Amino acid sequence: MRTKVIVFCLLAAVAASVAWLLFCGESTGSPIARISREGVLLEEIDLNQVEESYTLTFEDERGTNTVLVEPGRIRISEADCPDQVCVNQGFISDGTVPIVCLPHRLLVEIVGAEGDLDGGAG
């Protein structure tokens, strides 16, 4: 009987911990755009602080990407890569899908937004 109570208490504690992590995670609600190349952070932009649209250009030996930043959203507006997948993806405003320019190895991702996937999404 005592073993069953201990096991029940442990299972309840684990369930409560998992629920807390899923519903009260580290999300601040403020979307932060991170632009990186090969794991090196190039820019970090709080999209809630953007008041006017502007562009950033990233150039290296592989080519050039132009990133358009607008209030609450971001996209790659121009690139000289052959497939143009990154340009055709359009704007992102939450962390569900990043923008990747594979030929130029550029990654645009959003962290901290309410749309971020949680640990239960797998």
Side-chain angles (χ1 to χ4, degrees):
M1 178 73 171
R2 186 176 197 160
T3 306
K4 289 180 184 179
V5 171
I6 292 173
V7 170
F8 177 76
C9 289
L10 286 174
L11 288 175
V14 168
S17 298
V18 169
W20 183 80
L21 288 173
L22 290 177
F23 296 113
C24 301
E26 297 179 21
S27 177
T28 62
S30 181
I32 306 294
R34 289 186 180 160
I35 304 169
S36 58
R37 177 175 282 133
E38 295 183 326
V40 177
L41 184 64
L42 303 174
E43 288 283 334
E44 192 169 70
I45 305 161
D46 185 343
L47 295 176
N48 283 344
Q49 300 296 320
V50 176
E51 295 180 7
E52 293 185 25
S53 300
Y54 64 92
T55 60
L56 299 167
T57 301
F58 299 96
E59 188 172 355
D60 71 355
E61 64 277 355
R62 292 179 207 94
T64 304
N65 292 85
T66 301
V67 175
L68 175 61
V69 181
E70 292 187 355
R73 61 190 199 160
I74 191 167
R75 71 173 294 191
I76 295 178
S77 58
E78 296 177 33
D80 59 5
C81 57
D83 59 10
Q84 297 289 297
V85 171
C86 56
V87 175
N88 294 329
Q89 184 171 345
F91 283 100
I92 60 171
S93 58
D94 60 30
T96 54
V97 178
I99 300 172
V100 178
C101 182
L102 199 54
H104 298 162
R105 297 186 181 136
L106 190 75
L107 172 69
V108 180
E109 62 183 337
I110 297 180
V111 297
E114 294 299 323
D116 281 348
L117 295 177
D118 58 24

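Not measured: the values here are computed from a predicted model.
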Quick one: list whatever passes side chain to side chain donor-acceptor pair (under 3.5 Å) with D60, sequence neighbours left out. R37, R62
If every non-hydrogen atom of I92 is compared with every non-hydrogen atom of P98, which pair is closest and at what distance? CD1-CA, 4.4 Å
Which atom of L68 lies closest to which atom of S53, heavy atoms considered: CD1-CB, 4.4 Å
The test is side chain to side chain contact (heavy atoms under 4.5 Å, CB included); show your working for T55 and V69 and say whether it passes. CA-CA 6 Å; T55 60; V69 181; over 6 Å; no
Please check: side-chain N/O of S77 versus main-chain N/O of T66, any donor-acceptor pairing under 3.5 Å? yes
Quick check on side-chain contact (heavy atoms from CB on, under 4.5 Å): which of S93, P71, P31 does L47 satisfy it with? P31
Report the residues that fulfil side chain to side chain donor-acceptor pair (under 3.5 Å) with E78, sequence neighbours left out, ordered by chain and then residue number. none
I'd like to know whether CG of L102 has more than 12 heavy-atom contacts from other residues, nucleotides or ligands below 6.0 angstrom. no
Which heavy atom of G90 sits nearest a heavy atom of I99, and at what distance? O-CD1, 3.6 Å
R34: which of E109, E44, E43 passes salt bridge (Lys or Arg N to Asp or Glu O under 4.0 Å): E44
So does E38 have more than 12 non-hydrogen atoms from other groups sitting under 6.0 Å from CD? yes
On a heavy-atom basis, which atom in V97 and which in Q89 lie closest, and how many Å separate them? CG1-NE2, 3.4 Å
Same cluster or not: are I76 and Y54 linked, directly or through other Ile, Leu, Val, Met, Phe, Trp or Tyr residues, by side-chain heavy atoms under 4.5 angstrom apart? yes
Can you tell me which residue among N65, D83, D80 is in a side-chain contact (heavy atoms from CB on, under 4.5 Å) with P103? D83
